[in-house]
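Worksheet: the structure to be examined is printed underneath.
Lettering follows sequence order; numbering is per chain, from 1. Quick caveat: nothing in here was measured; it's all calculated off a predicted structure. What's counted below: heavy atoms across the whole structure, side chains too, no hydrogens, waters or symmetry copies.
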2 protein chains.
Amino acid sequence: MFIEQLSESTEMYLKAIVEMSDRDMVAVSRLAERVNVTPVSANEMVHRLGEQGLVEHTPYKGVALTEKGREVACNVLRRQRLWEVFLYEHLKIEWAQIYELACSLEHATAPEVTEALATFLGDPRTCPRGNPIPAADGSFTPLDGLPLSEISVGKTVRVVAVNATETDVLRYLQEREILPGQEITVLEAAPLHGPLMLRMPGGKEVALGMSLAEFVFVK
Amino acid sequence: MFIEQLSESTEMYLKAIVEMSDRDMVAVSRLAERVNVTPVSANEMVHRLGEQGLVEHTPYKGVALTEKGREVACNVLRRQRLWEVFLYEHLKIEWAQIYELACSLEHATAPEVTEALATFLGDPRTCPRGNPIPAADGSFTPLDGLPLSEISVGKTVRVVAVNATETDVLRYLQEREILPGQEITVLEAAPLHGPLMLRMPGGKEVALGMSLAEFVFVK
DNA sequence: CGGAATAATAAGGGTAACCATAAGATTTTT
DNA sequence: AAAAATCTTATGGTTACCCTTATTATTCCG
């Protein structure tokens, strides 16, 4: 396996795909939203990634990573999440900001640095957002949990991970203490995909929109 | 003062200029060598930097940073050298490699991260290569020392900094223990810019080419 | 002073990654 | 099945940064 020099853009797309594909293929339009480009641009890029053998694109269906693409993406994820741990645990940076800041550092990190960092941090297995950190060999236990949006009324669950990436969204959740480890009871689900009413540990009640609830993984 | 988003390339050029301008202007051709592009490309880039008000180019004389350029460059240097400290002191990465590895991290580092890192490291004043780390406000005490190449025969001096950037060069010096803090006696200088003979602490004698000796700053 | 070396400019190209607009293709909804 | 929505492709354009080759300008040095 050769160590090709992939562009920052390439890594961003691969990371987006691996983070969005819990089960099926990723629609190119969703991908475009995630990486903040027009669908046309995303389409072009998907072609380029296909030519490099990193993804498989089935027109009108979506994109999936190839084995090679998955390997690269896991590596990217490892770097990203190790930096998240460092920024949060050692640099004491605000929880909501670590994703964005780690994201920039990710591409600039050589393999030597990644492994030295992992050792320095004590080989953590999850990042501060609760997501698993792939091992150096690429192995990776996917998150076992369900989005909060699929939990039925009355159930009490524990947050295992928060999968959002935008700082605003993360800050919104942070302010409401919807964080890994918290115990939450779903009190009510408004009809027509309306917001969930949640009871938080202190007894406080919080309303959470469905699209936000999809980011919160619980067990 | 606006926080413009400068490209990685721009930052590289500015860093190269500030690191090379000990006294006079920097020749565009030498800059080209440093950043590893053709003189024509460097010339183009110098024009672009001039248009952005970062450098002042006097044809046939060289380039110098403007006040704005110097400010940006010091910031770049601060980030670069803080990472060098982290990589060396905490991640235990080989001395010769830290410049190159810190270089990639530099551009990806947001101001919040820079300052949190500085605090984490205990606000170090020099990097492992002996170079001063500019303060957060941009203030910066230039290195006081002379290149080893200008020391007269018979003198005993102490290495204060090693200004090389290429990993091969740094590794060559590392192997000969020409490192900050070492005491060196200049035994002989061969004619026609020939190599220097040096006596190292253990009594070992080492020959060092003139172009390498220019990187070694002593007092 | 005049030739050699060095520096700058001009002209023509290339690539990666984005954009907009518009025209087809396919899927989904009515 | 037709209309609507979504996806894909085509076309043409932009920016930043790099390249080569050739020409002109300046400086350095014998």
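Residue contacts for A:S41: at a heavy-atom cut-off of 4.0 Å it reaches a base atom on one of the strands shown. Residue B:T38 is in base contact, counting any heavy-atom pair closer than 4.0 Å across all strands shown. Counting any heavy atom pair closer than 4.0 Å across all strands shown, B:V40 reaches a base atom.
The side chain of A:H57 contributes no N or O atom lying less than 4.0 Å from OP1 or OP2 of D:dC7. When the side-chain nitrogen and oxygen atoms of B:R48 are compared with OP1 and OP2 of D:dC17, one or more of them lie within a distance under 4.0 Å.
Out of D:dC17, C:dA17, C:dA7, the shortest distance to the side chain of B:S9 is found at D:dC17. For A:N43, counting side-chain heavy atoms from C-beta on, the closest listed nucleotide (D:dT9, C:dA8, C:dA17) is D:dT9. With distances taken from any side-chain atom of B:Y60 to the nucleotides D:dA25, D:dC17, C:dT26, the minimum falls on D:dA25.
Spacing between atom NE2 of B:H107 and atom C1' of D:dC17 amounts to 14 Å, rounded to whole angstrom units. To the nearest angstrom, C1' of C:dA10 lies 11 Å from NE2 of B:H47. Taking atom CG on A:L6 and atom P on C:dA16, their separation rounds to 13 Å, with Å as the unit. If you take CD of A:Q52 and C1' of C:dA17, they are 12 Å apart, rounded to a whole angstrom. Regarding B:M25, its CE atom lies at a distance of 11 Å from the P atom of C:dA8, rounded to whole Å. Taking atom CE of residue B:M45 and atom P of nucleotide D:dA16, one finds them 10 Å apart after rounding to whole Å. Whole-Å rounding puts the B:R30 CZ to C:dA8 P distance at 14 Å. Atom CG of A:L14 is separated from atom P of C:dA17 by 11 Å (rounded to the nearest Å).
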Inset, instruction - Evaluate the criterion ring-ring contact (aromatic ring centres under 6.0 Å, His included) for residue pair B:F86 and A:F120; output intermediate values, then yes/no. - result: CA-CA 11 Å; B:F86 176 68; A:F120 172 80; 5.7 Å; yes

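Taking a cutoff of 4.0 Å between a charged side-chain nitrogen and a carboxylate oxygen, B:E11 and B:R79 qualify as a salt bridge.
Side-chain polar atoms of A:E100 and A:T167 form a donor-acceptor pair below 3.5 angstrom.
A side-chain donor-acceptor contact under 3.5 Å links A:S21 to the backbone of A:I17.
To the nearest 0.5 Å, the span separating CD1 on B:I178 from CG on B:L198 amounts to 6.0 Å.
Scanning atom types as modelled, one donor and one acceptor separated by under 3.5 angstrom connect the side chain of B:E44 and the base of D:dC19.
Comparing A:E8 and B:P59 by the nucleotide of DNA chain C whose heavy atom lies nearest to each, the residue mapping closer to the 5' end is B:P59. Sequence order on DNA chain C of the closest nucleotides to B:S29 and A:A42 puts B:S29 first from the 5' end.
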